Amino acid sequence: MSRRTLPILRNLLSARFPTRSITYMPSPGDGSPRPVTLIPGDGVGPLVTDAVEQVMEAMHAPVYFEKYDVRGDMKNVPPEVLESIKKNKVCLKGGLRTPVGGGVSSLNMILRKELDLYASLVHCFNLPGLPTRHDNVDIVVIRENTEGEYAGLEHEVIPGVVESLKVITKFCSERIAKYAFEYAYLNNRKKVTAVHKANIMKLADGLFLESCREVASKYPSIQYNEMIVDNCSMQLVSKPEQFDVMVTPNLYGNLVANTAAGIAGGTGFMPGGNVGADHAIFEQGASAGNVGNDKLLVQKKANPVALLLSSAMMLRHLQFPSFADRLETAVKRVIEEGKYRTKDLGGNCTTQEVVDAILANLE
Amino acid sequence: MASQIVRRLARSRASGIFSSARPTFSDRSFSSTEGAESGLIRATLFPGDGIGPEIAGSVKQIFKVADCPIEWEEHFVGTEIDPRTQSFLTWESLESVRRNKVGLKGPMATPIGKGHRSLNLTLRKELNLYANVRPCYSLPGYKTKYDDVDLITIRENTEGEYSGLEHQVVRGVVESLKIITRQASLRVAEYAFYYAKAHGRQRVSAIHKANIMQKTDGLFLKCCREVAEKYPEITYEEVVIDNCCMMLVKNPALFDVLVMPNLYGDIISDLCAGLIGGLGLTPSCNIGEGGIALAEAVHGSAPDIAGKNLANPTALLLSSVTMLRHLELHDKADRIQDAVLKTIAEGKYRTGDLGGKSTTTEFTNAICDHL
């Protein structure tokens, strides 16, 4: 008897986390388990993906994972991994370390190019109960993922002079702008800000802005404005509440996403993912620190919250909203209570302790 | 052209600074006053547009009260294009800066139109200003969300992503070139380490994205490492830019001196300006070949409050302090800086943008009283 009343009591008392009543009507057969490719990755990656596996099992979520071992120093993504992702269409990934100056191109970039995951999304928001310098942060950064400065086209002209090409095409700019406005429309967001440096790079970022403006005219109910990237970073650290959805080319998106994540409390709990026309890969949103360092690995104190919230996004993407809600509610409750937090959120717990607390809070 | 080179060589040999077509870095000098006589130092002053003349007036008043041995040579932006410089800045103005080796520049509004170069671009190209130095420190008494900021950003100013080389390949496809050269990277790295040593800083961090842009940022890092070996007492580290952004907004006390290429420098230096309260309070100094230092206020010319005695001269004042430090007049610089900080900390006289109601003259007089 008490096992049934306890969650009901908790519902009544915690009005701040109302669990939504199930109003969606699934088609017959939607409950059969869906396969999801799982890439544990490097460093603390295996630790946090293990946390996700534990929580999914405890919830009896209708997903099962196909695990593949990919490490950052491999020359290329193994073909069976790509096959699996193409079959399953959804993947969950830990961090992959990109060696600095090693002559090996980033595996993250290779995955994105092969699967044409052209939009990278990071949702930066304040977690209730976590004190930060900035409040009222709720920013989604949508970043073009395939071209721009990270096209990887560099060459040495003569010894001592190196050139790198930044490529901007109308095709890619248009589709990322379309995705940004569509996201805003489907998620009831009010404003889209385009971040650029078109006063200096007139042709390149000018083309990006042109595409954004064209798409903006098709969504008259969504406010659209443009901001230069250096002014944008200044505004982010002083008045972040003015931003809602931001759409940016590749490099600026990287910086803006990490800055926005930092002001809202750190990259340890920001969910995000990469999405394309056919596939989606979910991972810790902002890229800084997703591989962790040796100390975190040895002490097993990595923060699993980012990947857990990203897996909640994945569950919604797979159309299992009630599982996603339960997971998010449990995570937010644990963070708000404050007893079980990892080092980057101000506590001193290990990953496993946080996971146990979340499992205890699952309904 | 040849006579200019002969004149410049003769002048530089007389003052002991070596400058040749391919400068050797061991002979490079960054100070403008080697061999200068102890007397009045001439400095070029560009009051600029909008609020420029008012805040330049504040600077002159405070320098007089503080007894600084600076003699100002004022130059104004012309109203027609000088064909020798292809912009509104006259040849005489540029020659004046080259001669005096130090200058102070107020905000300049670039007139809209074609057929001339932007004023900032003209200054940068003609005077070969290769490093932009911005000391960012929290002003005591002016509360922002960050209280423990004390860092310096040094940004390469001539190449990188802002080389301006773009072209349309076919319709709908644009390419923009980012250029990194060994010479420019070594130059700015040398200045960064020299600055760190001269100002007693412990650590220099090079900001990069060499895991993705392996050759370009890789070359930049290689140059920084080479220079770091010559300064074993200064700690050197390399930080990827996304990590750097996140750490800056979480805990800016982690950084000391930051050196970076052009684009990252633009974004990070403005981010740091945002941490301490905005561009209206941030000093900035551009360093050029041959020890030229042009301190400037990086905010706009604010035409809406021009002439109303409401402008905040803090940015230009702190920039002039940077200029004094470059001239190694450290005691005068400290006195003026302390006076400015004390006035702001007291809170009685603050201009409108800091949340107060004083006029420019009241603020300036309060600073003079504190000297």
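Each chain gets a letter, A, B and so on, in the order the sequences are listed, and its residues count up from 1. All values reported here derive from a predicted model rather than from experimental measurement.
- Interface remark: of the candidates E210(A), E147(A), E163(A), E163(A) forms the most heavy-atom pairs closer than 4.5 Å to chain B.
- Taking every heavy atom of both residues into account, S233(A) and I267(B) meet most closely at OG-CG2, 3.5 Å.
- To the nearest 0.5 angstrom, D217(B) atom CG is 7.5 Å from E154(A) atom CD.
- Only the side chain of L219(B) comes within less than 4.5 Å of a heavy atom of chain A; its backbone N, CA, C and O stay farther away.
- Distance CG/N243(B) to OG1/T267(A): 7.5 Å, rounded to 0.5 Å.
- Using a 4.5 Å heavy-atom cutoff, the side chains of V167(A) and V174(B) are not in contact.
- For chain A, the nearby parts of Y146(B) are the backbone and the side chain; heavy atoms of each come within less than 4.5 Å.
- Most heavy-atom pairs under 4.5 Å with chain A, from the set V173(B), L279(B), D242(B), T181(B): that is D242(B).
- In this structure, the portions of E161(B) lying under 4.5 Å from any heavy atom of chain A include both its backbone and its side chain.
- Of the inter-residue distances, the one linking N211(B) atom CG with M109(A) atom CE reads 11.0 Å to the nearest 0.5 angstrom.
- With a threshold of 4.5 angstrom between heavy atoms, K209(B) approaches chain A through side-chain atoms but not through N, CA, C or O.
- Put simply, of I158(A), L207(A), L236(A), the one with the most heavy-atom pairs under 4.5 Å next to chain B is L207(A).
- Expressed to the nearest 0.5 Å, how far CD1 of I241(B) lies from CG of N254(A) amounts to 8.0 Å.
- Residue E149(A) touches chain B through both its backbone and its side chain, counting heavy-atom pairs closer than 4.5 Å.
- The greatest number of non-hydrogen atom pairs below 4.5 Å with chain B, out of A261(A), A260(A), G265(A), S238(A), is found for G265(A).
- Of the two parts of L263(B), only the side chain, counted from C-beta on, holds a non-hydrogen atom closer than 4.5 Å to a non-hydrogen atom of chain A.
- A pairwise comparison of heavy atoms in S176(B) and M201(A) identifies OG-SD, 3.8 Å as the closest pair.
- Note: V162(A) leads L165(A), V162(A), N258(A) in heavy-atom pairs under 4.5 Å with chain B.
- E166(B) CD to D205(A) CG: the interatomic distance, rounded to the nearest 0.5 Å, is 7.5 Å.
- Enclosure of atom NZ in K222(B) is not indicated, since only 12 or fewer non-hydrogen atoms of other residues, nucleotides or ligands lie within 6.0 angstrom.
- The distance from atom CG of L251(A) to atom CE of M213(B), rounded to the nearest 0.5 Å, is 5.5 Å.
- Side-chain contact between N231(A) and D270(B) is absent, with no heavy atoms from C-beta onward closer than 4.5 Å.
- Inter-residue side-chain proximity for K145(B) and H134(A) is flagged as met; some heavy-atom pair is nearer than 4.5 Å.
- Options K170(A), M234(A), Q235(A) differ in how many heavy-atom pairs under 4.5 Å they form with chain B, and the most are formed by M234(A).
- Options T259(A), L203(A), T132(A) differ in how many heavy-atom pairs under 4.5 Å they form with chain B, and the most are formed by L203(A).
- Between K250(B) and D344(A), the shortest heavy-atom contact is NZ-O, 3.5 Å.
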Exercise for review: Decide side-chain contact (heavy atoms from CB on, under 4.5 Å) for V161(A) and I179(B); before the verdict, give the C-alpha distance in whole Å, the side-chain angles of both, and the deciding distance to 0.1 Å.
Suggested key: CA-CA 7 Å; V161(A) 178; I179(B) 310 221; 4.2 Å; yes
Practice item. Let me see the working for K166(A) and K178(B) under side-chain contact (heavy atoms from CB on, under 4.5 Å), right down to the final yes or no. Key: CA-CA 7 Å; K166(A) 161 179 167 166; K178(B) 162 180 170 167; over 6 Å; no
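- Of the atoms belonging to H167(B), it is backbone heavy atoms, and not side-chain ones, that fall under 4.5 Å from chain A.
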Exercise for review: Apply side-chain contact (heavy atoms from CB on, under 4.5 Å) to the pair D266(B) and K197(A), showing each step before the final yes or no.
Suggested key: CA-CA 10 Å; D266(B) 195 5; K197(A) 189 82 186 173; 2.6 Å; yes
